[in-house]
Structures are given as structure tokens and as C-alpha cells.
Trainee: 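The structure's right below; bear with me while I get my questions together.
Computation of the quantities below employed the complete heavy-atom set of this structure, encompassing side-chain atoms and omitting hydrogens, waters and symmetry-equivalent molecules. Along the sequence shown, the residues carry numbers beginning at 1.
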Amino acid sequence: MTDIMSPPQPPAPPRVRWWRRPWIAPLAVVAVAFIAFSLPPYATFDEAGSRVPAPDFFPPHFPLLALHVIFGSIAMITCCLQIWPWFRGRYPKVHRYTGRVYVLAGVLPAGLLGLVVGAATPFGHVARASNVLLALLWLGCTLAGWRMARQRRFTDHRRWMIRSFALTMSIITNRIWGGLVVAFVPLESLGSTPQQIGETVAGLTTWTGWVLPLLLAEWWLERSAARRRRRPARA
């Protein structure tokens, strides 16, 4: 019997059909295409195919980079499933298991390896600072989201995991900014030697690659929170 003194429960929000999320399919296509292009040279552990020159001062750079790319690819694929609202609502148990894969077999090993690889980058101090800070934030946001889920604080869990998603996908925007800089900025204005040009481009793209997506995620979170706060006033 329902307790007459208990407050009425708000109606459940209507479930949005999967096809009403038009950004899911393009995101998955971009992620798969990026992995298909980036992963093969590292999946074989053939250093000759590496797109990042190994620094002379750190011989283990390539195998650690290869592992970072492999675990990062796992994070990207599972992340696409995790942020899909229809998938979360339709298959909550699979969502939980996929979330564990995302954290334990994706972000955690990729982030820890990213700390080491990022600190040993051959692209200069500006890129080094960005890579290390990105790895720390990626690990911190993801582990905070994991902790919120364990405490069943699902609203906070969702907010932290949106930040984690933005940082996971920032490697794609990093490459986009790199292409734009090379295409539209005169290279001679970025340095007098190939090494200086490479370090300048890397410094610009590493910072913009993750800072802008994270700022966009924060804007979206605050906008969504403001909408929820305005709903009772309209009732």
C-alpha cells in the first residue's frame, strides 16, 4: 500500500528513441576511422611505422607509446557506447560492464602510460606540460566518475564522465587543429628550423586539442543544469 504521507514521485522523463540522437552515428564513424588510421602501426609493435620520433634520452618510448595507443583505442570505442543514452537505458547491465572496460582496460592504463610518454615527448616543453596535465585530468575525471557511480550518485557520475569523454576524444581534435595549422599558417612564421616548427605546432595543437573540448563540455553541463533549474519555475 502506498503511504499517503509520502510525496508524489515526479513522472519519469519520456525515453528518447535512438534515432533522435543524430550525433551518435557520426561520432562512432569518426572514432572508428581515426582508430583504423592510427592503431595499425602500433598494434604490430613495429617501430618503423611510428608516427612519433623516439627521443634518444628515453629508449622505452616506442613500446610504451604503442601500449598507450592500444589502450586509448579501447577507451575511445567503449566511450562511444557509454555516452549513448538509448544504449544506457536499453541495456543497463551491459552499460555497467562496458564502463568497467572503459575505466580499467582503457583510461587507467592509457592515462598512466600517457603520463610517461607525455613527459618524454620529443616535441618540447610546451607540449610536455600539456600532455602531462591532460593525462592527469583524464585520469582524475574518469576515476571521479567511477567513484560517483560506486556511491550511486548518478547525476555527478554523468557529469564527470562527460568530462572524461571530452578528454578521451580530444586526440581527434588535436589532429584536426594540427592539420589546420599546417594548412593555413605559414610555417616560416612558426620557427627558423624544422625542430622549432614542429615544437611550435605541437605546442599549439596539444593545448587547444583538449582545452577547447573540455571547455565545451563544461558549457554544455552548465547549460543543461540551468535548464533543469528553470523547469520548476515554469510549472
Trainee: To the nearest 0.5 angstrom, please state how far the CH2 atom of Trp177 sits from the OG1 atom of Thr206.
Mentor: 13.0 Å
Trainee: Does any N or O in the side chain of Thr142 come within less than 3.5 Å of the main-chain N or O of Val107, such that one atom is a donor and the other an acceptor?
Mentor: no
Trainee: Say whether, by atom type as modelled, one donor and one acceptor occur between the side chain of Thr78 and the main chain of Ala75 under 3.5 angstrom.
Mentor: yes
Trainee: Got Leu167 and Arg163 here, is their nearest side-chain heavy-atom distance under 4.5 Å?
Mentor: no
Trainee: Do you know which two heavy atoms are closest between Cys80 and Leu27, and how far apart they sit?
Mentor: SG-CG, 4.1 Å
Trainee: Search all heavy atoms of Met169 against all heavy atoms of Ala31 and return the closest pair with its distance.
Mentor: CE-CB, 4.4 Å
Trainee: If I compare all heavy atoms of Ile83 with all of Pro85, which pair ends up nearest, and what's the gap?
Mentor: O-CD, 3.0 Å
Trainee: How many angstroms lie between OG1 in Thr208 and CH2 in Trp210, if you round to the nearest 0.5 Å?
Mentor: 10.5 Å
Trainee: I need the single residue from Ile172, Thr168, Thr173, Asn174 that forms a side chain to side chain contact (heavy atoms under 4.5 Å, CB included) with Pro213. Which is it?
Mentor: Thr173
Trainee: Hey, any chance Val69 and Phe37 share a hydrophobic cluster, counting ILVMFWY side chains that come within less than 4.5 Å of each other, even indirectly?
Mentor: no
Trainee: Would you say Phe58 and Val116 make side-chain contact, with heavy atoms under 4.5 Å?
Mentor: yes
Trainee: Please say yes or no: joined through hydrophobic side-chain contacts below 4.5 Å, possibly via intermediate residues, are Trp146 and Leu221 part of one cluster?
Mentor: no
Trainee: Among the clusters formed by ILVMFWY side chains lying less than 4.5 Å apart, do Met161 and Leu139 turn up in the same one?
Mentor: yes
Trainee: When hydrophobic residues are tied together by side-chain contacts of less than 4.5 Å, even through go-betweens, does Val52 share a cluster with Ile176?
Mentor: yes
Trainee: Distance check, rounded to the nearest 0.5 Å: Phe45 atom CZ versus Ile70 atom CD1?
Mentor: 4.0 Å
Trainee: Assigning hydrophobic clusters by single linkage (Ile, Leu, Val, Met, Phe, Trp, Tyr; side-chain heavy-atom cutoff under 4.5 Å), is Ile171 placed with Leu212?
Mentor: yes
Trainee: Can you find a pair of side-chain heavy atoms, one from Glu199 and one from Gln195, that are under 4.5 Å apart?
Mentor: yes
Trainee: How many angstroms lie between CZ in Arg158 and CE in Met148, if you round to the nearest 0.5 Å?
Mentor: 15.5 Å
Trainee: So which atom in Phe165 and which in Cys79 form the shortest heavy-atom distance, rounded to 0.1 Å?
Mentor: CD1-SG, 3.3 Å
Trainee: Return yes if a side-chain donor-acceptor contact under 3.5 Å exists between Ser73 and Tyr42, otherwise no.
Mentor: no
Trainee: Quick check: do His95 and Gln82 have side-chain heavy atoms less than 4.5 Å from each other?
Mentor: yes
Trainee: Over 60° means perpendicular and under 30° means parallel, so classify the ring planes of Tyr91 and Phe87, tilted if in between.
Mentor: tilted
Trainee: Counting only heavy atoms not in Arg147, do more than 12 sit closer than 6.0 Å to its CZ atom?
Mentor: no
Trainee: Rounded to the nearest 0.5 Å, what separation is found between the CG atom of Leu108 and the CG atom of Leu143?
Mentor: 6.0 Å
Trainee: Considering non-hydrogen atoms only, spot the tightest contact between Phe123 and Pro53 and give its length.
Mentor: CZ-CD, 3.9 Å
Trainee: Assign the ring pair Phe154 / His157 to parallel, tilted or perpendicular, where the plane angle (0 to 90°) is split at 30° and 60°.
Mentor: perpendicular
Trainee: Got more than 12 heavy atoms from elsewhere within 6.0 Å of CZ, Arg152?
Mentor: no
Trainee: Ignoring hydrogens and geometry, is there a side-chain-to-backbone donor-acceptor pair from Gln196 to Leu190 under 3.5 Å?
Mentor: no
Trainee: Nearest 0.5 angstrom please: Trp138 CH2 to Ser170 OG, how far?
Mentor: 8.0 Å
Trainee: So which atom in Pro40 and which in Ile35 form the shortest heavy-atom distance, rounded to 0.1 Å?
Mentor: CD-O, 3.7 Å
